[in-house]
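Single-structure report; data block below.
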Amino acid sequence: MSLASLNPQQFQAATTIEGPLLIIAGAGSGKTGVITHRIAYMLEQGIAQSHILALTFTNKAADEMAHRIKKMTGRKLSNLTIATFHAFGVKVLREQARAIGYRDGFTIYDSSDRRDVIKESARELGMILEHEDLLDLEHLFGQIKSGMVDLATQSKGIIQLFQEYQEFLQLKNAFDFDDLVARPLELFRTHPEILQSYQQRYQYIMVDEFQDTSLQQYQLIQLLASAHANLCVVGDDDQSIYSWRGANYTNIQAFETDFPQRMEIKLERNYRSTGVILEAANALIANNTNRKEKELWTESTTAEASLQVRYLENDQAESEFICDTVRTLRVSEHRGYDHFGVLSRNNSLMDAIEEAFIRHDIPYRRSGGRSFFERKEIKDTIAYMRLADNPDDDIAFVRIINTPRRGVGKQSLATLREHSDDRKEALYYTAKRLLGWSDPPFPKPTIAGLTYFIDTMEQFRQRFTTNKEMARTAGDMMVALDYWGYLVREYPDNEKAAKWKYDNIFTFLGWFERWEKNPDNLEPKLSTYLTRIALAGRERSGDDEERAVSLMTIHAAKGLEFDVTFIAGVEDGILPSLRSLQEDEANMEEERRLFYVALTRAREKLFMTVCAQRKIQRELQICTPSPFLSELPSALIETEEQAPTPEDVERVAMSVFTMFKDNS
DNA sequence: CAAAGCGCGATTTTT
DNA sequence: TCGCGCTTTG
């Protein structure tokens with residue numbers, strides 16, 4: 001490796017490895033390079049891999065970091081821990097499950113599973129929940145678990161439901177997402193000897209995207225680092241965009257008080273964007289109060305640089321403009337598709353744009369959104385795998401017990417639940433037990449269906465533990481269950497849809513197989529893979545490295561960069577998001593940071609599009625430009641058309657009005 | 001008692 | 001527009 005490529009600040013950040021260190025790293029300041037160099041430098045200094053812990057925010061960032069260190073040092077990284085907070089929590093819990101009363105091989109419940117668990121718990125207590133209550137409870141339980149709300153302040157009913165919920169998880173040997181941070185923290189607090197063993201192991205700790213850590217995450221690393229105090233945190237308060245998930249950029253201030261002997265380094269030189277873009281971004285973010293003063297600068301100038309705002313009639317025109325521009329610039333400036341990125345505040349805006357990409361036959365990659373893993377057929381397949389791995393997983397059981405249909409409806413399920421409650425037994429085992437009776441309490445066809453289900457599952461559970469070809473086993477399982485027959489029956493006059501869904505299952509299993517057979521894979525177990533997809537959920541497994549335009553939310557784009565960047569829907573109510581502001585007016589600053597993150601993704605060219613009207617949830621809405629646009633120095637911005645005058649807005653409003661009149 | 005058929009509400013961001 | 005839950009049907 002060569003530290004020579006680093007500027008003085010970067011060099012100091014990379015080579016200061018003892019003691020607490022705070023690195024304030026502006027957008028595009030070569031942060032990832034510094035972190036990877038820093039770890040490589042540690043290894044070079046003879047620090048054992050096993051003593052280093054690097055925590056990141058996304059799986060993608062963790063993978064990327066490991067990849068770069070591997071390349072830089074040429075070493076095998078068998079013992080280096082680079083993980084997200086959640087993945088690290090899983091590691092600790094797998095090692096220590098027994099200390100908190102769990103058995104090995106637990107399951108991780110994602111947020112949609114959480115919904116189901118709340119429903120189950122409510123049913124158990126005889127409570128009736130409206131859909132809205134359910135959403136509120138999901139949110140509330142998350143806040144309680146992450147320590148933001150005190151359970152004791154809640155009503156009796158809620159306390160009862162929460163306790164039932166926790167009991168359910170424990171009984172089913174499952175953790176939810178919040179547990180993955182909260183439980184290890186609790187473990188460390190209550191078991192000093194366990195904490196000590198981890199402190200001894202992880203003597204050098206590094207945290208990326210520190211501005212996005214929650215209070216609990218901060219407390220966790222504080223505990224771990226308290227023995228050696230070799231803690232390096234890297235962050236940028238201007239890029240804190242996850243407060244809704246408990247992220248607390250005041251952790252940066254907390255770090256300053258908690259480690260008064262800390263060293264502080266600011267990286268303000270930007271290597272990514274051209275001057276125009278940077279100047280605009282600086283001007284925007286200066287409007288935020290309560291931030292650490294900093295000014296990004298660059299020496300980069302290029303003829304290709306530009307910052308444009310386009311005013312378009314509607315979302316259709318917006319999509320067309322983006323596609324046209326991509327195609328034109330690709331040819332005229334010889335840019336690969338993968339150098340283009342399209343960002344939006346929320347996922348739904350991307351639907352229209354994706355459609356246009358399909359129409360124009362432009363290769364694209366859309367991340368986030370209703371991902372592949374959220375398709376019913378994939379969720380079903382995963383549920384079968386989960387149940388094979390952990391028969392206690394009632395949520396998986398309920399999901400697939402009647403998929404394909406095998407005569408198990410509401411009544412049979414109620415019978416099963418009744419019998420399982422008595423013994424605190426998982427539904428799977430209850431079913432197995434009841435079928436052993438001389439006269440099982442189900443109708444004839446149900447008995448047949450259930451028997452086949454249990455027999456098949458038993459057989460494949462066996463095969464999963466003994467057979468090395470797990471993906472193949474899973475495929476055979478879906479065949480044995482006749483999932484194909486199910487799809488044909490569900491989509492009677494649409495065999496194409498059925499075929500498509502069936503193919504999806506095997507695409508998914510293909511990834512599984514690749515993972516399973518990867519020689520770098522240290523632990524090719526079913527439970528390991530299930531954990532992986534639970535944590536990585538929405539992220540596409542970056543298999544096809546084909547060049548494609550990236551379509552994503554601004555949140556998902558953090559840490560990435562594109563030569564040519566589009567920000568779609570730069571309109572009031574979208575950016576800033578109306579919902580976010582309704583929740584709390586103070587969110588304005590976070591929305592501004594979000595826009596700041598979007599701006600700073602661009603290297604050379606940045607296009608922002610504003611529509612006069614757009615269809616939101618099937619309804620045509622009149623749009624006005626985002627107030628943030630007026631915070632950008634107008635001298636920097638090129639526009640082809642004039643910004644719409646109030647008369648324009650009125651005209652569009654009238655035309656929409658008459659359209660509605662005609663329709664009714 | 002399970003399966004097919006109809007109506008209603010949903011979408012901010014993600015580990 | 002689609003998935004989910006409720007109602008009717010067989």
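Remember, it's a predicted structure, so these values are computed and weren't measured experimentally. Proteins come first, then strands; the chains are lettered A, B, ... in the order of their sequence lines, and each starts at number 1.
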For this session: Please determine, for the side chain of A:Asn346, which listed nucleotide (B:dT14, B:dT13, B:dA2) has the closest atom?
Result: B:dT13
Exercise. Hey, is the side chain of A:Lys119 poking within less than 4.0 Å of OP1 or OP2 on C:dG5, counting only N and O atoms?
Worked result: yes
For this session: Identify whether any heavy atom of A:Thr84 sits under 4.0 Å from a base atom; if not, whether one sits that close to sugar-phosphate; answer base, sugar-phosphate or nothing.
Result: sugar-phosphate
For this session: Starting from P on B:dT15, measure out to CG on A:Asp208 and report it in whole angstrom.
Result: 14 Å
Exercise. Rounded to the Å, how far apart are A:Ile554 CD1 and B:dT14 P?
Worked result: 11 Å
Exercise. Is the shortest side-chain N/O distance from A:Arg489 to OP1 or OP2 of B:dA3 below 4.0 Å?
Worked result: no
Exercise. Is the phosphate of B:dT14, meaning OP1 or OP2, less than 4.0 Å from a side-chain N or O of A:Ser111?
Worked result: no
For this session: Round to the nearest Å and state the distance from A:Gln239 atom CD to B:dT13 atom C1'.
Result: 16 Å
Problem set entry | Pairwise C1' distance for B:dT13 and C:dG3, with rounding to whole Å | 22 Å
For this session: Mind calculating the distance between OH (A:Tyr486) and C1' (B:dA4) to the nearest angstrom?
Result: 13 Å
Exercise. Are A:Lys558 and A:Phe57 in a cation-pi setup, meaning NZ or CZ lies under 6.0 angstrom from the ring centre and within 45 degrees of the ring axis?
Worked result: yes
Problem set entry | Residue whose closest nucleotide on DNA chain B lies nearer the 5' end, A:Arg579 versus A:Arg405 | A:Arg405
Exercise. Side chain of A:Asn314, backbone of A:Ala317: donor and acceptor closer than 3.5 Å?
Worked result: yes
Seminar exercise, completed: Considering only heavy side-chain atoms of A:His555, the closest of B:dT15, B:dT13, B:dC1 is B:dT13
Exercise. Between atom CG in A:Asn248 and atom P in B:dT15, what is the gap in whole Å?
Worked result: 19 Å
Exercise. Counting only side-chain N and O atoms of A:Asn402, is one of them less than 4.0 Å from OP1 or OP2 of B:dA2?
Worked result: no
Exercise. So, does the side chain of A:Arg345 form a donor-acceptor pair with the base of B:dT12 at under 3.5 Å?
Worked result: yes
For this session: Respond yes when some side-chain nitrogen or oxygen of A:Arg245 is under 4.0 Å from OP1 or OP2 of B:dT14, and no when none is.
Result: no
For this session: Would you kindly check if the NZ (Lys) or CZ (Arg) of A:Arg183 is within the cone defined by 45 degrees around the ring axis of A:Phe175 and under 6.0 Å from the six-membered ring centre?
Result: no
Seminar exercise, completed: To the nearest angstrom, the CG-C1' distance between A:Leu55 and B:dT15 comes to 13 Å
Exercise. Hey, is the side chain of A:Ser412 poking within less than 4.0 Å of OP1 or OP2 on B:dA2, counting only N and O atoms?
Worked result: yes
Seminar exercise, completed: Here the distance between atom C1' of B:dT12 and atom CZ of A:Phe595, to the nearest Å, is 17 Å
Exercise. With a centroid cutoff of 5.5 Å and a plane-angle limit of 30°, would you call A:Phe85 stacked on B:dT15?
Worked result: no
Problem set entry | Geometric class of the A:His555/A:Trp244 ring pair [parallel <30°, tilted 30-60°, perpendicular >60°] | perpendicular
Problem set entry | Whichever of A:Pro443 and A:Ala87 has its nearest DNA chain B nucleotide further upstream toward 5' | A:Pro443
Problem set entry | Over-ring placement of A:Lys444 relative to A:Phe442, 6.0 Å and 45° cut-offs | no
Seminar exercise, completed: Given the options A:Glu590, A:Arg593, A:Gln211, A:Glu589, A:Ser243 meets side-chain hydrogen bond (donor to acceptor under 3.5 Å, both in side chains) only with A:Glu590
Exercise. Nearest-Å distance, CZ (A:Phe141) to P (B:dT15)?
Worked result: 23 Å
